[in-house]
Amino acid sequence: MSAEAEVLGELRRLRARLPQLTGALAASADGLVLAQDTVAAEAEAVAALTAAALGVGQRLSDCTGQGDFRELLVRGQNGYVATYAAGGSAVLTLLAEPRINVGRLHLEARRSSARIGELVDGALERKDLN
(Lines give C-alpha, C1' and ligand atoms only; values in the text may rest on other atoms or scores of the structure.)
Protein backbone atom coordinates (compact mmCIF):
# COMPACT_ATOMS: atom_id res chain seq x y z
CA MET A 1 0.00 0.00 0.00
CA SER A 2 1.37 3.42 -0.92
CA ALA A 3 1.89 6.19 1.61
CA GLU A 4 -0.78 8.25 -0.16
CA ALA A 5 -3.35 5.49 0.27
CA GLU A 6 -2.40 5.05 3.93
CA VAL A 7 -2.69 8.80 4.54
CA LEU A 8 -6.11 8.82 2.88
CA GLY A 9 -7.14 5.91 5.08
CA GLU A 10 -6.06 7.85 8.16
CA LEU A 11 -8.09 10.88 7.02
CA ARG A 12 -11.16 8.69 6.55
CA ARG A 13 -10.75 7.07 9.96
CA LEU A 14 -10.41 10.50 11.53
CA ARG A 15 -13.60 11.69 9.84
CA ALA A 16 -15.38 8.56 11.08
CA ARG A 17 -14.30 9.34 14.66
CA LEU A 18 -15.32 12.99 14.34
CA PRO A 19 -18.59 13.21 12.40
CA GLN A 20 -18.61 17.01 12.73
CA LEU A 21 -15.64 17.24 10.37
CA THR A 22 -16.65 18.53 6.96
CA GLY A 23 -13.25 17.98 5.37
CA ALA A 24 -9.75 16.67 5.96
CA LEU A 25 -6.63 17.39 3.96
CA ALA A 26 -3.00 16.33 4.25
CA ALA A 27 -0.54 18.56 2.44
CA SER A 28 3.18 19.02 2.12
CA ALA A 29 4.68 21.93 4.02
CA ASP A 30 5.09 23.73 0.69
CA GLY A 31 1.38 23.49 -0.14
CA LEU A 32 0.94 20.41 -2.34
CA VAL A 33 -2.07 18.15 -1.69
CA LEU A 34 -0.96 14.70 -0.50
CA ALA A 35 -4.43 13.29 0.22
CA GLN A 36 -7.90 14.67 0.80
CA ASP A 37 -11.22 13.49 2.14
CA THR A 38 -13.42 16.45 1.47
CA VAL A 39 -16.12 17.57 -0.91
CA ALA A 40 -14.48 20.96 -1.29
CA ALA A 41 -13.28 21.42 -4.85
CA GLU A 42 -10.70 23.93 -3.66
CA ALA A 43 -8.27 21.47 -2.05
CA GLU A 44 -5.29 22.99 -3.87
CA ALA A 45 -6.20 26.49 -2.67
CA VAL A 46 -6.69 25.26 0.90
CA ALA A 47 -3.33 23.45 0.77
CA ALA A 48 -1.58 26.59 -0.51
CA LEU A 49 -3.21 28.76 2.17
CA THR A 50 -2.30 26.17 4.78
CA ALA A 51 1.34 26.42 3.72
CA ALA A 52 1.18 30.19 4.08
CA ALA A 53 -0.47 29.92 7.51
CA LEU A 54 2.11 27.34 8.51
CA GLY A 55 4.91 29.76 7.62
CA VAL A 56 3.32 32.53 9.67
CA GLY A 57 2.61 30.14 12.56
CA GLN A 58 6.19 28.87 12.55
CA ARG A 59 7.57 32.40 12.49
CA LEU A 60 5.24 33.56 15.27
CA SER A 61 6.08 30.54 17.41
CA ASP A 62 9.82 31.07 16.89
CA CYS A 63 9.68 34.83 17.43
CA THR A 64 7.81 34.49 20.71
CA GLY A 65 10.01 31.70 22.03
CA GLN A 66 7.23 29.12 22.06
CA GLY A 67 9.25 26.43 20.28
CA ASP A 68 8.39 24.41 17.19
CA PHE A 69 5.00 24.94 15.54
CA ARG A 70 2.39 22.40 16.59
CA GLU A 71 -1.08 23.65 15.64
CA LEU A 72 -3.23 26.55 14.56
CA LEU A 73 -6.97 26.97 15.13
CA VAL A 74 -9.15 29.48 13.27
CA ARG A 75 -12.76 29.96 14.31
CA GLY A 76 -15.10 31.44 11.77
CA GLN A 77 -18.80 32.15 11.91
CA ASN A 78 -19.56 28.83 10.18
CA GLY A 79 -17.01 26.59 11.89
CA TYR A 80 -13.35 25.87 12.40
CA VAL A 81 -10.20 25.41 10.35
CA ALA A 82 -7.55 23.55 12.30
CA THR A 83 -4.00 22.89 11.11
CA TYR A 84 -1.57 20.50 12.79
CA ALA A 85 2.09 19.78 12.13
CA ALA A 86 2.46 16.24 10.75
CA GLY A 87 6.07 15.23 11.04
CA GLY A 88 8.81 17.30 9.48
CA SER A 89 7.33 17.81 6.05
CA ALA A 90 3.53 17.68 6.15
CA VAL A 91 0.49 19.29 7.72
CA LEU A 92 -3.03 18.13 8.49
CA THR A 93 -5.84 20.62 7.91
CA LEU A 94 -9.37 19.94 9.13
CA LEU A 95 -12.63 21.74 8.50
CA ALA A 96 -15.24 21.38 11.23
CA GLU A 97 -18.78 22.43 12.04
CA PRO A 98 -19.20 25.09 14.73
CA ARG A 99 -20.75 22.54 17.12
CA ILE A 100 -17.62 20.32 17.29
CA ASN A 101 -16.08 19.63 20.68
CA VAL A 102 -12.75 21.45 20.23
CA GLY A 103 -11.01 19.40 22.91
CA ARG A 104 -11.93 16.17 21.14
CA LEU A 105 -10.92 17.72 17.82
CA HIS A 106 -7.45 18.42 19.21
CA LEU A 107 -7.14 14.98 20.82
CA GLU A 108 -8.07 13.05 17.68
CA ALA A 109 -6.22 15.37 15.28
CA ARG A 110 -2.99 15.21 17.25
CA ARG A 111 -3.06 11.41 17.04
CA SER A 112 -3.80 11.46 13.32
CA SER A 113 -1.21 14.12 12.54
CA ALA A 114 1.45 12.05 14.31
CA ARG A 115 0.49 9.00 12.24
CA ILE A 116 0.43 11.00 9.00
CA GLY A 117 3.81 12.47 9.85
CA GLU A 118 5.24 8.97 10.31
CA LEU A 119 3.81 7.85 6.97
CA VAL A 120 4.99 10.87 4.99
CA ASP A 121 8.41 11.15 6.60
CA GLY A 122 8.91 7.39 6.19
CA ALA A 123 8.00 7.55 2.50
CA LEU A 124 10.43 10.44 1.98
CA GLU A 125 13.21 8.54 3.75
CA ARG A 126 12.64 5.48 1.56
CA LYS A 127 12.67 7.69 -1.52
CA ASP A 128 15.97 9.27 -0.45
CA LEU A 129 17.52 5.83 0.03
CA ASN A 130 16.71 4.80 -3.54
Side-chain angles (χ1 to χ4, degrees):
M1 181 180 280
S2 72
E4 182 180 334
E6 291 184 66
V7 171
L8 181 57
E10 184 62 36
L11 295 179
R12 289 182 175 154
R13 288 187 295 276
L14 178 59
R15 287 198 64 191
R17 291 191 308 270
L18 292 172
Q20 298 83 18
L21 288 181
T22 58
L25 169 79
S28 65
D30 57 356
L32 299 174
V33 175
L34 301 174
Q36 68 180 47
D37 185 17
T38 179
V39 294
E42 299 136 356
E44 290 80 17
V46 171
L49 288 168
T50 295
L54 176 64
V56 171
Q58 287 173 327
R59 181 81 173 118
L60 182 61
S61 189
D62 287 345
C63 181
T64 58
Q66 302 305 312
D68 292 337
F69 172 83
R70 295 286 183 247
E71 58 199 46
L72 173 68
L73 181 68
V74 176
R75 180 176 177 224
Q77 181 178 358
N78 298 321
Y80 294 90
V81 179
T83 299
Y84 300 85
S89 56
V91 292
L92 169 65
T93 296
L94 304 173
L95 308 176
E97 297 174 355
R99 64 188 180 97
I100 196 164
N101 178 315
V102 175
R104 179 127 189 262
L105 170 70
H106 285 319
L107 178 70
E108 296 291 348
R110 289 170 184 156
R111 289 178 183 159
S112 288
S113 65
R115 176 70 180 133
I116 290 167
E118 291 170 1
L119 292 168
V120 173
D121 290 347
L124 289 173
E125 287 174 16
R126 287 189 299 278
K127 183 180 175 186
D128 287 343
L129 292 175
N130 292 330

Under 3.5 Å donor-acceptor pairs involving side-chain atoms of residues 74-87, not counting sequence neighbours:
unit_1 : atom_1 : unit_2 : atom_2 : d
Thr83  : OG1    : Thr93  : OG1    : 3.3
Tyr84  : OH     : His106 : ND1    : 2.8

Which atom pairs, donor and acceptor, lie under 3.5 Å between side-chain atoms of residues 8-18 and protein residues at least two apart or in another chain?
unit_1 : atom_1 : unit_2 : atom_2 : d
Glu10  : OE1    : Arg13  : NH2    : 3.1
Glu10  : OE2    : Ser112 : OG     : 2.8
Arg13  : NH1    : Gly9   : O      : 3.4
Arg15  : NH1    : Asp37  : O      : 2.7
Arg15  : NH2    : Leu21  : O      : 3.3
Arg17  : NE     : Glu108 : OE1    : 2.6
Arg17  : NH2    : Ser112 : OG     : 2.9

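Checked against side chain to side chain contact (heavy atoms under 4.5 Å, CB included), Asn101 has the following partners two or more places apart in sequence or in another chain: Arg104. Under the rule for a side chain to side chain contact (heavy atoms under 4.5 Å, CB included), the partners of Ser89 that lie at least two apart in sequence or sit in another chain are Val120, Asp121, Leu124. Under the rule for a salt bridge (charged side-chain N to carboxylate O under 4.0 Å, His left out), Arg59 has no partner lying at least two apart in sequence or in another chain. Among residues two or more places apart in sequence or in another chain, the side chain to side chain contact (heavy atoms under 4.5 Å, CB included) test is passed with Glu97 by Gln20, Thr22, Arg99. Scored by the side-chain hydrogen bond (donor to acceptor under 3.5 Å, both in side chains) test, Asp62 finds no partners at all (sequence neighbours excluded). Partners of Glu4 under the salt bridge (charged side-chain N to carboxylate O under 4.0 Å, His left out) rule, at least two apart in sequence or in another chain, do not exist in this structure. Evaluation of the side chain to side chain contact (heavy atoms under 4.5 Å, CB included) rule for Ala29 yields Leu54 as partners, not counting sequence neighbours.
If you run side-chain contact (heavy atoms from CB on, under 4.5 Å) between Val46 and each of Thr38, Leu25, Val33, only Leu25 comes through.
Distance CG/Leu119 to CG/Leu34: 11.0 Å, rounded to 0.5 Å. The structure places CG of Leu105 at 7.0 Å from CG of Leu73, a figure rounded to the nearest 0.5 Å.
Using a distance-only test at 3.5 Å, with no hydrogens or angles considered, no donor-acceptor pair links the side chain of Ser61 to the main chain of Gly57.
Closest non-hydrogen pair, Ala26 versus Val7, comes out as CB-CG1, 3.6 Å. Closest approach of Leu92 to Leu94, counting heavy atoms only: CD1-CD2, 3.7 Å.
Sorted by first then second residue, the salt bridge (Lys or Arg N to Asp or Glu O under 4.0 Å) pairs that include residues 64-74, not counting sequence neighbours, are Glu71-Arg110.
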